[in-house]
*Asks:* 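Supplied in structure tokens, the structure appears directly below.
Remember, predicted model here, so these are calculated numbers, not experimental data.
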Amino acid sequence: PARHLVFYAMNARMAIRLALCLPLAAHGLLNTSGMDTCKCITNPGIASDGCGAGQVEASIDGQSYCYPANYGAVECHPWDERLSPHCADDSGNPLEEAPSFCSKSWCFVESTCPFTKERSSYFPGSPTLFFSYGTCEEAATFQSFQVGQMLSGETLRVHELEEPPNVYASRDVSDPGGKGAVWDLYDEISKRANFTFSKLDLLPHNGSSWSQCVFEVQIGRLDLCLGTFWATADRYKIVSFLSVLDVDRFYLVGKKPKEASIDWMGVFRPFTDELWSLIAVFIFLVAIVLLILERRAAGPDHADFHGTSLRADLFQSCFLACFGFWSAAPAHSPTSPASKLVVLSFAMFLTLALAGYTANLASFLVEQRSSNAASRDLDSLVASGLKVCVVSSARS
């Protein structure tokens, strides 16, 4: 199994808040009136209340603001770019460090819009009013800004795991060596989002501090664990993680099996016993046929048969046929056309037999070598009933 290194474990509420703090990049081309399946609505129906003619009243952070009457209607437009309190001053001049959502185009849409949409919180009197950046082909960064606002002034309960070089829990913040990469990351996030940390020790426990820290996030005692974690299946069920940053490879290590004794009959393994029997019969038949065809010309001048004895000539023909098979080339010296045709056929047989033997031998040797391992993977190990030892935190 792979070990996934992640920067933190946290409960669902804090996971959503912190993850959305990261700005998203816009993409695509601007659509002037929204997508065909999610058009900008023409009349949001927002009440003007305390504002004058041609204006509607927005309620933001407990304060009332007067916005244009066509705010968010008809077309995709960066409606917030010149409006206070977050994007511009009271005179409509854009702020130098305005949030990213200020320059994004959006519009109000129907509740049936299939694109990503959010319920508007600016107009409490219009509870069914939805807005969408997606229909305008923009990334929705307003929610990220809202999350940042929610974190501002909060105190998060955290535990630092002693995990150099990622986290040095024993070091002080003023230590010139720093407190590690993970600590530095979240220290910078806390400064930008304006929240603080309250450090807590883990409850008394047995086993992995990492698993205990995940557990305490799950039960709500902690908001954040500073360290790197194996994102196991069990942990994913109870906490949220950042995206995987690295992968640890696990190797299955087993005792080397004893060397197998030499298989003296291994040379015959590529073919089955039945096939060897058929080959032997075929060789014997070739020897008989060539003896019959060539014995008519037997004599002192014949290369194979001298005609002195049938037994001697039969032995000689069998010897030449066997020699031809094991040397992969016919050994007879035919003189008649019929004998030459038989020898040619025998040569073709030898070529095919040699090719099949070579292929089967290679496959046999590879299979024999791979089968030396006790188990090639976890599935075969479990199937064989063997035991495996793993790091305890990989299980929980």
*Asks:* To the closest 0.5 Å, what do you measure between CG (Asp184) and CD1 (Ile189)?
*Replies:* 11.5 Å
*Asks:* If hydrophobic clusters are built by linking Ile, Leu, Val, Met, Phe, Trp and Tyr wherever their side-chain heavy atoms come under 4.5 Å apart, do Met348 and Phe282 end up in the same one?
*Replies:* no
*Asks:* Please report the C-alpha distance between Cys76 and Cys107 in whole Å, then the side-chain angles of each, then the deciding distance to 0.1 Å, and finally whether the disulfide bond (SG atoms under 2.5 Å apart) criterion is met.
*Replies:* CA-CA 5 Å; Cys76 293; Cys107 67; 4.4 Å; no
*Asks:* Would you sort out whether His86 and Asp61 count as a side chain to side chain contact (heavy atoms under 4.5 Å, CB included), showing the intermediate values?
*Replies:* CA-CA 11 Å; His86 302 307; Asp61 298 333; 3.7 Å; yes
*Asks:* Would you please test Cys113 and Cys38 for disulfide bond (SG atoms under 2.5 Å apart) and show each step?
*Replies:* CA-CA 5 Å; Cys113 171; Cys38 184; 1.9 Å; yes
*Asks:* For the pair Glu294 (side chain) and Pro334 (backbone), establish whether a donor and an acceptor sit closer than 3.5 Å, ignoring hydrogens and angles.
*Replies:* no
*Asks:* Using the salt bridge (charged side-chain N to carboxylate O under 4.0 Å, His left out) criterion, which residues pair with Asp187? Sequence neighbours excluded.
*Replies:* Lys191
*Asks:* Looking only at atom types and distance, does a side-chain atom of Ser208 sit under 3.5 Å from a main-chain N or O of Trp210, one as donor and one as acceptor?
*Replies:* yes
*Asks:* State whether a side-chain donor-acceptor pair under 3.5 Å links Asp172 with Ser174.
*Replies:* yes
*Asks:* What are the two closest heavy atoms between Val343 and Pro330, and how far apart are they?
*Replies:* CG1-CB, 3.6 Å
*Asks:* Would you find a donor on one side and an acceptor on the other, under 3.5 Å apart, between the side chain of Ser198 and the backbone of Arg157?
*Replies:* no
*Asks:* What pairs with Lys340 under salt bridge (charged side-chain N to carboxylate O under 4.0 Å, His left out), at least two apart in sequence or on another chain?
*Replies:* none
*Asks:* Is there a side-chain contact between Gln218 and Arg235 in this structure, where contact means two heavy atoms from C-beta onward sitting under 4.5 Å apart?
*Replies:* no
*Asks:* Are Leu352 and Leu344 linked, directly or through other ILVMFWY residues, by side chains that come within less than 4.5 angstrom of each other?
*Replies:* no
*Asks:* Any heavy-atom pair between the side chains of Asp175 and Tyr168 that's under 4.5 Å?
*Replies:* no
*Asks:* Please report the closest heavy-atom contact between Leu203 and Gln212, naming both atoms and the distance.
*Replies:* CB-NE2, 4.0 Å
*Asks:* Other than Phe215, what residues sit in its cluster of Ile, Leu, Val, Met, Phe, Trp and Tyr side chains whose heavy atoms are under 4.5 Å apart, directly or through others?
*Replies:* Ile219
*Asks:* For the aromatic rings, using the six-membered ring if either is Trp, is the centroid distance between Phe197 and Trp183 under 6.0 Å?
*Replies:* yes
*Asks:* Among all residues two or more places apart in sequence or in another chain, which pass the side-chain hydrogen bond (donor to acceptor under 3.5 Å, both in side chains) test with Thr196?
*Replies:* Thr155
*Asks:* Could you give the distance from CD1 (Ile41) to CG (Leu129), rounded to the nearest 0.5 Å?
*Replies:* 5.5 Å
*Asks:* Mind checking whether Phe229 and Val239 have side chains closer than 4.5 Å, heavy atoms only?
*Replies:* no
*Asks:* Do Phe319 and Val286 belong together in a cluster built from hydrophobic side chains that touch within less than 4.5 Å?
*Replies:* no
*Asks:* With hydrophobic residues grouped by side-chain heavy-atom distances under 4.5 Å, do Phe349 and Trp276 end up in a single group?
*Replies:* yes
*Asks:* Is there a donor-acceptor contact under 3.5 Å from the side chain of Ser327 to the main chain of Phe323?
*Replies:* yes
*Asks:* Taking salt bridge (charged side-chain N to carboxylate O under 4.0 Å, His left out) as the cut-off, I'd like each qualifying pair that reaches into residues 309-328, sequence neighbours left out, listed once.
*Replies:* Arg295-Asp313
*Asks:* Return the minimal non-hydrogen interatomic distance between Phe115 and Ser132, and the atom names on each side.
*Replies:* CB-OG, 4.2 Å
*Asks:* Who passes disulfide (SG to SG under 2.5 Å) against Cys51, sequence neighbours left out?
*Replies:* Cys66
*Asks:* Applying side chain to side chain contact (heavy atoms under 4.5 Å, CB included) between Leu200 and each of Asp223, Leu222, Val158, report the one that passes.
*Replies:* Leu222
*Asks:* Are Leu83 and Pro68 close enough that some pair of their side-chain heavy atoms sits under 4.5 Å apart?
*Replies:* yes
*Asks:* Does Cys322 reach the side chain of Ile283, with side-chain heavy atoms less than 4.5 Å apart?
*Replies:* yes
*Asks:* Under 3.5 Å, is there a donor-acceptor pair between the side chain of His302 and the main chain of Asp304?
*Replies:* yes
*Asks:* According to side-chain hydrogen bond (donor to acceptor under 3.5 Å, both in side chains), who are the partners of Ser64, at least two apart in sequence or on a separate chain?
*Replies:* Glu57
*Asks:* Tell me every residue that passes side-chain hydrogen bond (donor to acceptor under 3.5 Å, both in side chains) with Thr42, counting only those two or more places apart in sequence or in another chain.
*Replies:* none
*Asks:* Under the salt bridge (charged side-chain N to carboxylate O under 4.0 Å, His left out) rule, what pairs show up with a residue in residues 76-90, not counting sequence neighbours?
*Replies:* none
*Asks:* Where the side chain of Ser363 meets the backbone of Ala359, is there a donor-acceptor pair that is under 3.5 Å apart?
*Replies:* no
*Asks:* Could you see if Val289 belongs to whatever hydrophobic cluster contains Leu341? Use Ile, Leu, Val, Met, Phe, Trp, Tyr and a side-chain cutoff under 4.5 Å.
*Replies:* no
*Asks:* Any donor-acceptor pair under 3.5 Å linking the side chain of Glu75 with the backbone of Thr32?
*Replies:* no
*Asks:* If you round to the nearest 0.5 Å, how far is OG of Ser345 from CG of Leu350?
*Replies:* 11.0 Å
*Asks:* Within the side chain of Glu162, is there an N or O that forms a donor-acceptor pair under 3.5 Å with the backbone of Ser170?
*Replies:* yes
*Asks:* Quick one: closest heavy-atom pair of Phe346 and Ala321, and the distance?
*Replies:* CZ-O, 3.7 Å
*Asks:* Rounded at 0.5 Å granularity, tell me how far CD in Gln316 sits from OG in Ser309.
*Replies:* 12.0 Å
*Asks:* Quick one: salt bridge (charged side-chain N to carboxylate O under 4.0 Å, His left out) partners of Lys179, sequence neighbours excluded?
*Replies:* Glu160
*Asks:* Heavy-atom distance under 4.5 Å between the side chains of Val167 and Leu161, does that happen here?
*Replies:* no
*Asks:* Tell me whether Ser105 contacts the main-chain N or O of Cys136 through its side chain, where contact means a donor paired with an acceptor under 3.5 Å.
*Replies:* no
*Asks:* Ignoring hydrogens, what is the shortest heavy-atom contact between Ala287 and Ser317? Give both atom names and the distance.
*Replies:* O-OG, 2.5 Å
*Asks:* Between Trp106 and Tyr71, is the ring centre distance below 6.0 Å?
*Replies:* yes
*Asks:* State the CG-OG distance between Leu156 and Ser190, to the nearest 0.5 angstrom.
*Replies:* 8.5 Å
*Asks:* Taking the side chain as C-beta and beyond, is there a heavy-atom pair between Phe130 and Glu110 under 4.5 Å?
*Replies:* no
*Asks:* Sequence neighbours excluded, which residues qualify as side-chain hydrogen bond (donor to acceptor under 3.5 Å, both in side chains) partners of His159?
*Replies:* none
*Asks:* Indicate yes or no: at least one non-hydrogen side-chain atom of Tyr67 is less than 4.5 angstrom from one of Ile60.
*Replies:* yes
*Asks:* Shortest non-hydrogen contact from Cys40 to Val74?
*Replies:* CB-O, 3.4 Å
*Asks:* Other members of the hydrophobic cluster containing Phe305, with the 4.5 Å side-chain heavy-atom rule, please.
*Replies:* Phe284, Ile288, Leu291, Ile292, Leu310, Leu314
*Asks:* Rounded to the nearest 0.5 Å, what's the gap from OH on Tyr133 to CZ on Phe101? Could you check?
*Replies:* 6.0 Å
